[in-house]
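I have placed the structure first, in the form of structure tokens, so that the comments after it can refer back to it.
Everything numeric here is computed off the predicted structure, so don't read it as measured data. Here is how names work: the chains are called A, B, and so on, in the same order as the sequence lines, proteins then strands, and each is numbered from 1.
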2 protein chains.
Amino acid sequence: MAFAETFKALSDPVRRQILELLKKGPLSAGDIGSHFEMTGATISYHLKILKQADLIFESREKNFIYYQLNTSVLEEIMLWISQLKGGESGAESK
Amino acid sequence: MAFAETFKALSDPVRRQILELLKKGPLSAGDIGSHFEMTGATISYHLKILKQADLIFESREKNFIYYQLNTSVLEEIMLWISQLKGGESGAESK
DNA sequence: AAGCTATTTAGATGTTTTTCTAAATACAAT
DNA sequence: ATTGTATTTAGAAAAACATCTAAATAGCTT
């Protein structure tokens, strides 16, 4: 579990926006790219980083590669932050 | 509210470790530095970034500057992540 | 198999980040 | 007022990052 990688991945605004796009459902690399003023190559670079951080995963279909959110890692980040805040369990009952 | 700044600040391992140290209570810049193999100047640089991100605040006392965690911003980060995960409210009752 | 579309990889480039050393500031204590 | 301790600021250098263009790969579709 490469914790550091996840935070690094989340530190870029473009990548966060990609995650937000994917929140609504899977998108192809091209679809994602169409939301930015950036070459496909650059989008591909960001996708690779998100993938390495386990924040997204891909599924190939026909000629396309569809990307979707992987929320399980987000859970871990939340836990880390909870512990920092709460000093303890992370299950903060509120 | 500089959201991006907060994520940037959290993206460095040294800075995250500083936050973890501060979880146990306030520490002076020197105390913090003693946990790392790094010059005081570099620690000071990281503290500045954490401060700008509103993740810590300082209070001067005698000849020292004590730093402590500011958890309020962490709340916002948690909310962003919740929304990404949950698709909605962020108040996930669980 | 040839050509088309979608995406990635390679290599180059400018920018940002992290780190250092040296110097500056701030305050305390003698 | 001088010296000493704690910390920051300035400037430089190396490493990491985000971006581009051009070329490569992968998989349709004819």
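A close approach under 4.0 Å does occur between a side-chain nitrogen or oxygen of K8(A) and OP1 or OP2 of dC17(D). Regarding contacts with the backbone of dC17(D), every side-chain N or O of H46(A) stays at 4.0 angstrom or more from both OP1 and OP2. Between Y67(A) and dT8(C), a side-chain N or O to OP1/OP2 separation shorter than 4.0 Å is present.
The backbone N or O of A9(A) lies less than 3.5 Å from a partner atom in the side chain of R15(A), making a donor-acceptor pair. Side-chain atoms of R16(A) come within 3.5 Å of backbone N or O of L10(A) as a donor-acceptor pair. Remark: side-chain polar atoms of N70(B) are not paired, donor with acceptor, to backbone N or O of F57(B) under 3.5 angstrom.
Defined by atom type and a distance below 3.5 Å, a donor-acceptor pair is present between the side-chain atoms of E58(B) and Y67(B). Between the side chains of D31(B) and S28(B), at least one donor-acceptor pair of N or O atoms lies under 3.5 Å.
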- Message: What does the B/S/- profile of nucleotides 20-30 of chain D look like, 5' to 3', with a 4.0 Å heavy-atom cutoff to protein?
- Response: BB-----BSS-

- Take R60(A) and Y66(A) through the side chain to side chain contact (heavy atoms under 4.5 Å, CB included) test and state the conclusion after the steps. CA-CA 6 Å; R60(A) 290 162 181 271; Y66(A) 286 94; over 6 Å; no

- Kindly indicate, with the supporting measurements, whether the criterion side chain to side chain contact (heavy atoms under 4.5 Å, CB included) is fulfilled by Q83(A) and E20(B). CA-CA 9 Å; Q83(A) 281 166 352; E20(B) 282 177 351; over 6 Å; no

- K23(B) and L84(A): side chain to side chain contact (heavy atoms under 4.5 Å, CB included), yes or no, with the steps? CA-CA 6 Å; K23(B) 180 181 150 185; L84(A) 203 57; 4.3 Å; yes

- Full working for side chain to side chain contact (heavy atoms under 4.5 Å, CB included) between F7(B) and I77(B): CA-CA 8 Å; F7(B) 269 112; I77(B) 299 293; 3.8 Å; yes

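If you check dT19(C), dT17(C), dT7(D) against the side chain of S28(B), the one that comes closest is dT7(D). The side chain of S44(A) lies closest to dT8(C), out of dT19(C), dT9(D), dT8(C). Among the nucleotides dT19(C), dT8(C), dT7(C), the one closest to the side chain of F64(A) is dT7(C). In the set dT8(C), dT7(D), dT18(C), the nucleotide with an atom closest to the side chain of I65(A) is dT8(C).
Remark: P of dT7(C) and OH of Y66(A) are 8 Å apart, rounded to the nearest angstrom. Atoms CD1 (I43(B)) and P (dT7(D)) sit 11 Å apart, rounded to a whole Å. For the pair K48(A) NZ and dA10(C) P, the interatomic distance rounds to 8 Å; values are reported in whole Å. Per the geometry, CZ belonging to R15(B) stands 9 Å off P belonging to dT17(C), to the nearest Å. Summarising the geometry, the separation between CD on E5(B) and P on dT16(C) is reported as 14 Å, rounded to the nearest angstrom. Distance CD (Q52(B)) to P (dT17(C)): 11 Å, rounded to an integer number of Å. Regarding D31(A), its CG atom lies at a distance of 13 Å from the C1' atom of dT5(C), rounded to whole Å. Distance L47(A) CG to dC17(D) C1': 16 Å, rounded to the nearest Å.
Taking five base pairs at each end of the helix from dA1(C)-dT30(D) to dT30(C)-dA1(D), the local helix axes there meet at an angle of 20°, rounded to 10°.
Using a 4.5 Å heavy-atom cutoff, the side chains of L50(B) and Y45(B) are not in contact.
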